[in-house]
Amino acid sequence: MPTPILLAWSGGKDSTLALDRLRQDDRYEVVALLTTITREYDRVSMHGVRRSLLEAQAAALGYPLVPVFIPANASNQAYEAAMQETLTLYRARGVQAVAFGDIFLADIRRYREERLAAVGLRGLFPLWGQDTRQLAAEFLARGFRAVICCVDSQALDGRLVGREFDAAFLADLPPGVDPCGENGEFHSFVYAGPLFRWPVALRRGAVVVREQRFVYCDLLPAGD
């Protein structure tokens, strides 16, 4: 029997590539997608994507979405308490591990493993140590489609927000910016590809700047 696991889910390309790898590995069964939602905004923390779009995405992929609600500007203590409550619940239901789309940030991996160990779970990192340029190329070659939902304007031009994640976008990245945005330079939302039963219909809304730094493109369900 495959090991039941959760997948930490942002809705972006690295999460999607991790899911793609896990679905090809018969040792594991992803039972749900675990997502942190900022309660006051009802959006994915950091990425700024509306929960309604994330729910549509999860439905298209065929997985239940497990939201972990945290307050705006949550302290690390508040985040850890909310996450621990949810993870403890799923540990009691038989989940044995949580997978992440992290690629090379060792301090973040270590932090995740320590927090998981506290509730009797282990971490899985199916993309770990792989070349991010090759991962970006694999994402496109597999036929996934994504839009850039957030850009850190301290790392690259905020006008890139709302663009498709494609070869042209990658070509426009300045030197030093990771092709997968692993250092937080940009975030994405995946709306179509080989794992999707149907594309997530969306349209691009207003572009807003938060904290004088982060540039968001408000993605909306196509019917709104």
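- No donor-acceptor distance shorter than 3.5 angstrom exists from the side chain of Gln134 to the backbone of Gln130, with no hydrogens or angles considered.
- Proximity of a side-chain donor or acceptor of Ser10 to a complementary backbone N or O of Gly12 within less than 3.5 Å is detected.
- For the pair Ile70/Ile37, no side-chain contact is recorded, criterion being any heavy-atom separation below 4.5 Å from C-beta on.
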Passes side chain to side chain contact (heavy atoms under 4.5 Å, CB included), Arg210 versus Tyr216? Steps please.
CA-CA 8 Å; Arg210 297 285 185 250; Tyr216 294 91; 3.8 Å; yes
When you look at Leu22 and Ile5, which way does the side chain to side chain contact (heavy atoms under 4.5 Å, CB included) test go after all the steps?
CA-CA 10 Å; Leu22 290 165; Ile5 66 172; 4.0 Å; yes
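- Considering only heavy atoms from C-beta on, Arg145 stays 4.5 Å or farther from Pro199 through its side chain.
- Around the CD atom of Gln24, the shell of radius 6.0 Å holds more than 12 heavy atoms that belong to other residues, nucleotides or ligands.
- Between Cys150 and Val161 the shortest heavy-atom distance is N-CG2, 3.8 Å.
- Closest non-hydrogen pair, Leu140 versus Ala167, comes out as CD1-N, 3.7 Å.
- Taking the side chain as every heavy atom from C-beta outward, Val95 and Val31 approach each other to under 4.5 Å.
- Using a cut-off of 4.0 Å between Lys/Arg side-chain N and Asp/Glu carboxylate O, Glu113 and Arg122 are scored as not salt-bridged.
- Scanning all heavy atoms of the two residues, the minimum distance from Asp152 to Gly184 falls at CB-O, 3.7 Å.
- In terms of heavy atoms, Asp14 sits closest to Leu127 at O-CD1, 3.5 Å.
- For Arg213, the CZ atom sits in a packed shell: over 12 heavy atoms of surrounding residues, nucleotides or ligands are nearer than 6.0 Å.
- With respect to the salt-bridge test (charged N to carboxylate O, under 4.0 angstrom), the residues Arg50 and Glu55 do not qualify.
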Please evaluate residues Glu114 and Arg109 with respect to the criterion salt bridge (Lys or Arg N to Asp or Glu O under 4.0 Å), reporting the C-alpha separation (whole Å), side-chain torsions for both, the decisive distance (0.1 Å), and the verdict.
CA-CA 9 Å; Glu114 289 172 353; Arg109 174 172 177 163; over 6 Å; no
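- Side-chain contact between Pro67 and Thr35 is absent, with no heavy-atom pair separated by less than 4.5 Å.
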Let's go through Leu54 and Arg43 carefully: what are the C-alpha distance in whole Å and the side-chain angles of both, what is the deciding distance for side chain to side chain contact (heavy atoms under 4.5 Å, CB included) to 0.1 Å, and is it a yes or a no?
CA-CA 9 Å; Leu54 207 71; Arg43 294 173 184 263; over 6 Å; no
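- Within the structure, every pair that satisfies the salt bridge (Lys or Arg N to Asp or Glu O under 4.0 Å) test and touches residues 170-181, not counting sequence neighbours, is listed here: Arg163-Asp172.
- Between Ala155 and Glu185, the shortest heavy-atom distance links the atoms CB-CG, 3.7 Å.
- Under the 3.5 Å distance criterion, the side-chain polar atoms of Ser188 are left unmatched by any main-chain donor or acceptor of Ala146.
- Hydrophobic clustering of Ile, Leu, Val, Met, Phe, Trp and Tyr side chains at less than 4.5 Å, counting indirect connections, keeps Leu105 apart from Met46.
- A donor-acceptor pair under 3.5 Å is formed between the side chain of Glu182 and the backbone N or O of Ile103.
- Going from atom CE of Met83 over to atom CG of Asn76 covers 10.5 Å, rounded to the nearest 0.5 Å.
- No donor-acceptor pair under 3.5 Å is formed between the side chain of Thr36 and the backbone N or O of Val68.
- Identified under the ring-ring contact (aromatic ring centres under 6.0 Å, His included) test for residues 161-210, with sequence neighbours left out: His47-His187, Phe139-Phe165, Phe165-Phe169, Phe169-Phe186.
- Within the model, atoms CG of Leu121 and CZ of Arg112 stand 14.0 Å from one another, a figure rounded to the nearest 0.5 Å.
- Counting heavy atoms from C-beta on, the side chains of Tyr28 and Leu124 come closer than 4.5 Å.
- Between the side chain of Ser75 and the main chain of Ala78, a donor-acceptor pair closer than 3.5 Å is present.
- Using a distance-only test at 3.5 Å, with no hydrogens or angles considered, no donor-acceptor pair links the side chain of Glu138 to the main chain of Ala136.
- Atom CD of Glu85 has 12 or fewer neighbouring heavy atoms from other residues, nucleotides or ligands inside a 6.0 Å radius.
- Under the 4.5 Å side-chain contact rule for hydrophobic residues, Leu160 and Ile148 share a cluster.
- By the criterion of side-chain heavy atoms lying less than 4.5 angstrom apart, applied directly or through intervening Ile, Leu, Val, Met, Phe, Trp or Tyr residues, Leu195 is grouped together with Val49 in one hydrophobic cluster.
- Considering only heavy atoms from C-beta on, Leu7 stays 4.5 Å or farther from Tyr63 through its side chain.
- Checking side-chain atoms of Glu40 against main-chain N and O of Ala72 turns up a donor-acceptor pair under 3.5 Å.
- Criterion: ILVMFWY side-chain heavy atoms under 4.5 Å apart, direct or through other members. Under it, Leu65 and Tyr41 are not part of a common hydrophobic cluster.
- The minimum heavy-atom distance linking Arg91 with Val119 is given by the pair CG-O, 3.7 Å.
- In this structure, the side chains of Leu135 and Leu17 come closer than 4.5 Å at one or more pairs of heavy atoms.
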Pair Leu87, Leu6 - check side chain to side chain contact (heavy atoms under 4.5 Å, CB included), show working.
CA-CA 9 Å; Leu87 292 178; Leu6 297 174; 4.0 Å; yes
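- Salt bridge Arg133/Asp131: absent, no basic N to carboxylate O contact under 4.0 Å.
- Counting heavy-atom neighbours within 6.0 Å of Asn73 CG, excluding the residue itself, gives a total of 12 or less.
- Looking at Arg27, Arg21, Arg23 one by one, the single match for salt bridge (Lys or Arg N to Asp or Glu O under 4.0 Å) with Asp25 turns out to be Arg27.
- Listed for the Gln57 side chain is no donor-acceptor partner under 3.5 Å among the backbone atoms of Val200.
- With hydrophobic clusters built from ILVMFWY side chains whose heavy atoms lie under 4.5 angstrom apart, Trp9 shares a cluster with Val30.
- Ser15 places no side-chain N or O within donor-acceptor distance of the main-chain N or O of Gly101, the cut-off being under 3.5 Å.
- Sorted by first and then second residue, the ring-ring contact (aromatic ring centres under 6.0 Å, His included) pairs involving residues 69-122 (not counting sequence neighbours) are Phe100-Phe125.
- The pair Asp42-Arg51 meets the salt-bridge criterion, with a side-chain N (NZ, NE, NH1 or NH2) lying under 4.0 Å from an Asp/Glu carboxylate O.
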